[in-house]
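Structure first, then comments.
Everything numeric in this text was worked out from a predicted model, so none of it was measured. Note on naming: letters A, B, ... go to the chains in the order of the sequence lines (proteins, then strands), and numbering restarts at 1 for each one.
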2 protein chains.
Amino acid sequence: MARVKKKVRQQLLVQQVREKPFLTDEELARNLAVSVQTIRLDRLELGIPELRGRIRQMAEHAQNKVKSIQKSEVVGELIDLELGHSGISLLRITDDMVFEKSKIARGHYMFSQADSLAQAIIDAPLVVTGVANVKYKVPVHVGEKLIAKAEIVKVRGNKYFVWVKTHNDRQEVFRAKFIMVSWAEAKGM
Amino acid sequence: MARVKKKVRQQLLVQQVREKPFLTDEELARNLAVSVQTIRLDRLELGIPELRGRIRQMAEHAQNKVKSIQKSEVVGELIDLELGHSGISLLRITDDMVFEKSKIARGHYMFSQADSLAQAIIDAPLVVTGVANVKYKVPVHVGEKLIAKAEIVKVRGNKYFVWVKTHNDRQEVFRAKFIMVSWAEAKGM
DNA sequence: TCAAAAATTAAGACCTGCTGCTACTAGCTC
DNA sequence: GAGCTAGTAGCAGCAGGTCTTAATTTTTGA
């Protein structure tokens, strides 16, 4: 690690701390080829808490996070919603959504995005998926942003017919037709 | 907090630490009306690490957990596999797989279980989901164990037709037909 | 080119939350 | 009374810092 300008070093510092929050000042100092004191000053300027503080934050955060990550009722980010009609959601394909070998996204993510969106746009308190017909058109890779657009095309009794089309920035990658059922009274399908 | 017998105190200690891992020895000592030293001895006997250790564990755990939760290539536990023919997998529905209100399992879990199983039984290096037709027959609740059985019913070129049927301990709750495509050369579907 | 400003390093006292060790006491039990 | 367990106490030392004061080096601007 060669010596670099202050600004550059501070950027590197931020980066390192983000990637490996478990580094002590001493280790950081070695990595960046400056003294421990300099690291401390940098942390002060940048508002980066000390190792123990960082760890503590993660632990506290983690307690909630582990829950909330899985708890998210919607896979993807709702970016538009017209209850009872349509909705749009965005999902970024990250490294942990793909097969290690092929780097192709596992199908459940597209399905989950579509399924939760289909759920979300229906204006009823209790909705479950009844039937799904899905087609994967092209493989999706890491880093792609998937836009799913859902639309209720028909309602019959407690059954909602929803179409979802998912695009990346170039083409349609996935489409699905769902029959969603609003539960509550209706026990038969 | 009245003084209690050693065994009782140690049980309480374990309990407190589990519930609130962020308590220092001093606070624990106050809570249990003994000296700090006693708490230290107790921790030693019980193999409870110090505050910083506990926090650190949580933080590390959390980092992996977030990843590994999503990383599992197969949703559910493979309990039988005849490559190229069939397979069986087991999935326990836990509290974080259900809708908070209704306690009904979100559909993607059954789909994901089926989809990964369908993937797993195909004897080819690169397989993606092409088409899926799924039907949810009855809602699934927390605590149920789902047994998915998959079978390859037809192979045509690089396309594999797979049927998956998922039961709980009483009845069929879900079924799916997949067309899986072994990738590699074949770019068209 | 030279002084002022900025950046870096150093040194020392202090903090928290411990570990590890030795020592002591009280209460019971055989 | 000897021997045991359980509980306390005190002190040195450690990691990984904070906070402060000060000296040294580098850069920069006029």
Side-chain angles (χ1 to χ4, degrees), chain A residues 1-69 95-96, chain B residues 1-69:
Chain A
M1 185 77 212
R3 280 300 258 282
V4 291
K5 292 266 154 101
K6 187 176 179 182
K7 291 214 169 178
V8 180
R9 186 191 59 230
Q10 294 195 339
Q11 279 198 323
L12 289 172
L13 181 61
V14 171
Q15 204 177 313
Q16 291 213 6
V17 168
R18 190 165 36 210
E19 279 171 27
K20 295 190 185 179
F22 295 84
L23 294 173
T24 61
D25 286 0
E26 210 169 338
E27 290 167 319
L28 288 167
R30 266 203 303 280
N31 290 353
L32 300 175
V34 290
S35 71
V36 173
Q37 281 76 2
T38 304
I39 295 293
R40 313 248 224 243
L41 276 179
D42 282 350
R43 277 202 297 102
L44 200 69
E45 282 181 31
L46 298 168
I48 300 175
E50 62 159 311
L51 169 63
R52 285 160 181 167
R54 297 195 300 268
I55 293 184
R56 190 167 193 124
Q57 276 187 12
M58 291 180 59
E60 283 167 356
H61 205 72
Q63 272 202 315
N64 319 339
K65 193 119 196 180
V66 172
K67 283 179 195 163
S68 71
I69 269 180
D95 202 51
D96 37 67
Chain B
M1 186 73 212
R3 280 299 258 286
V4 290
K5 292 266 155 104
K6 186 175 179 182
K7 291 215 166 176
V8 180
R9 186 189 60 227
Q10 294 196 338
Q11 278 198 323
L12 289 172
L13 180 61
V14 171
Q15 203 178 313
Q16 291 213 6
V17 168
R18 191 166 35 213
E19 277 170 26
K20 295 189 183 178
F22 295 85
L23 294 174
T24 62
D25 286 359
E26 211 168 338
E27 291 167 319
L28 288 166
R30 266 203 304 282
N31 291 353
L32 300 175
V34 287
S35 71
V36 173
Q37 281 75 3
T38 303
I39 294 295
R40 313 250 223 244
L41 277 178
D42 283 349
R43 276 203 298 102
L44 201 68
E45 281 181 34
L46 298 169
I48 300 174
E50 62 160 311
L51 170 63
R52 285 158 181 168
R54 297 195 297 268
I55 294 184
R56 192 167 192 125
Q57 275 188 13
M58 291 179 58
E60 281 168 357
H61 202 74
Q63 266 209 320
N64 313 343
K65 193 127 196 178
V66 173
K67 282 180 192 162
S68 71
I69 271 177

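- Ile55(B) approaches Phe22(B) most closely through the heavy-atom pair CD1-CD2, 3.8 Å.
- Here dA6(D) presents its C1' atom at 10 Å from CD of Glu45(B), a figure rounded to the nearest Å.
- The minimum heavy-atom distance linking Asn31(B) with Gln16(B) is given by the pair ND2-OE1, 2.9 Å.
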Would you tabulate the pairs of protein nitrogen or oxygen atoms and nucleotide nitrogen or oxygen atoms of nucleotides 14-19 of chain C closer than 3.5 angstrom?
unit_1	atom_1	unit_2	atom_2	d
dT16(C)	O2	Arg52(B)	NH2	2.6
dG17(C)	O4'	Arg52(B)	NH2	3.1
dG17(C)	N2	Arg52(B)	NH1	3.4
dG17(C)	N3	Arg52(B)	NH1	3.1
dC18(C)	OP1	Leu51(B)	N	2.7
dC18(C)	OP2	Asp25(B)	N	3.0
dC18(C)	O5'	Asp25(B)	OD2	3.4
dT19(C)	OP1	Arg43(B)	NH1	3.2
dT19(C)	OP1	Arg43(B)	NH2	3.4
dT19(C)	OP2	Arg43(B)	NH2	2.7

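- Every residue was checked against the side-chain hydrogen bond (donor to acceptor under 3.5 Å, both in side chains) condition with Arg54(B), not counting sequence neighbours, and none meets it.
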Using a cutoff of under 3.5 Å, can you pull out all pairs of nitrogen or oxygen atoms linking the protein to nucleotides 20-26 of chain D, with atom names and distances?
none

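- Side-chain N or O atoms of Gln10(B) include none that pairs as donor or acceptor with a backbone N or O of Lys7(B) at under 3.5 Å.
- Considering CD1 of Ile39(A) and CD of Glu50(A), their distance stands at 14.5 Å, rounded to 0.5 Å.
- Within 4.0 Å (heavy atoms only), Leu44(A) reaches no atom of the nucleic acid at all.
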List every contact pair, protein side and nucleotides 24-30 of chain C side both N or O, where the distance is under 3.5 Å.
none

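- Counting to the nearest Å, the P atom of dA6(C) and the CG atom of Asp42(A) are 16 Å from each other.
- For the pair Ser35(B) and dT8(D), the criterion of a side-chain N or O lying under 4.0 Å from OP1 or OP2 is met.
- For the atom pair CZ (Arg18(A)) and CD1 (Ile48(A)), the distance works out to 9.5 Å, reported to the nearest 0.5 Å.
- Rounded to a whole Å, the CG atom of Leu41(B) is 13 Å from the C1' atom of dA23(C).
- Closest heavy-atom contact between Leu51(A) and Pro21(A): CD1-O, 3.5 Å.
- Taking all atoms of both residues into account, the shortest heavy-atom contact from Pro49(A) to Arg43(A) is C-NH1, 3.6 Å.
- When rounded to the nearest whole Å, the span between NZ of Lys7(B) and C1' of dA6(D) equals 14 Å.
- Every residue two or more places apart in sequence or in another chain was checked for a side-chain hydrogen bond (donor to acceptor under 3.5 Å, both in side chains) with Arg52(B), and none qualifies.
- By the side-chain hydrogen bond (donor to acceptor under 3.5 Å, both in side chains) test, Lys6(B) pairs with Glu45(B), sequence neighbours left out.
- A donor-acceptor pair is defined here as one N or O able to donate and one able to accept, closer than 3.5 Å; no such pair exists between the side chain of Gln11(B) and the backbone of Val8(B).
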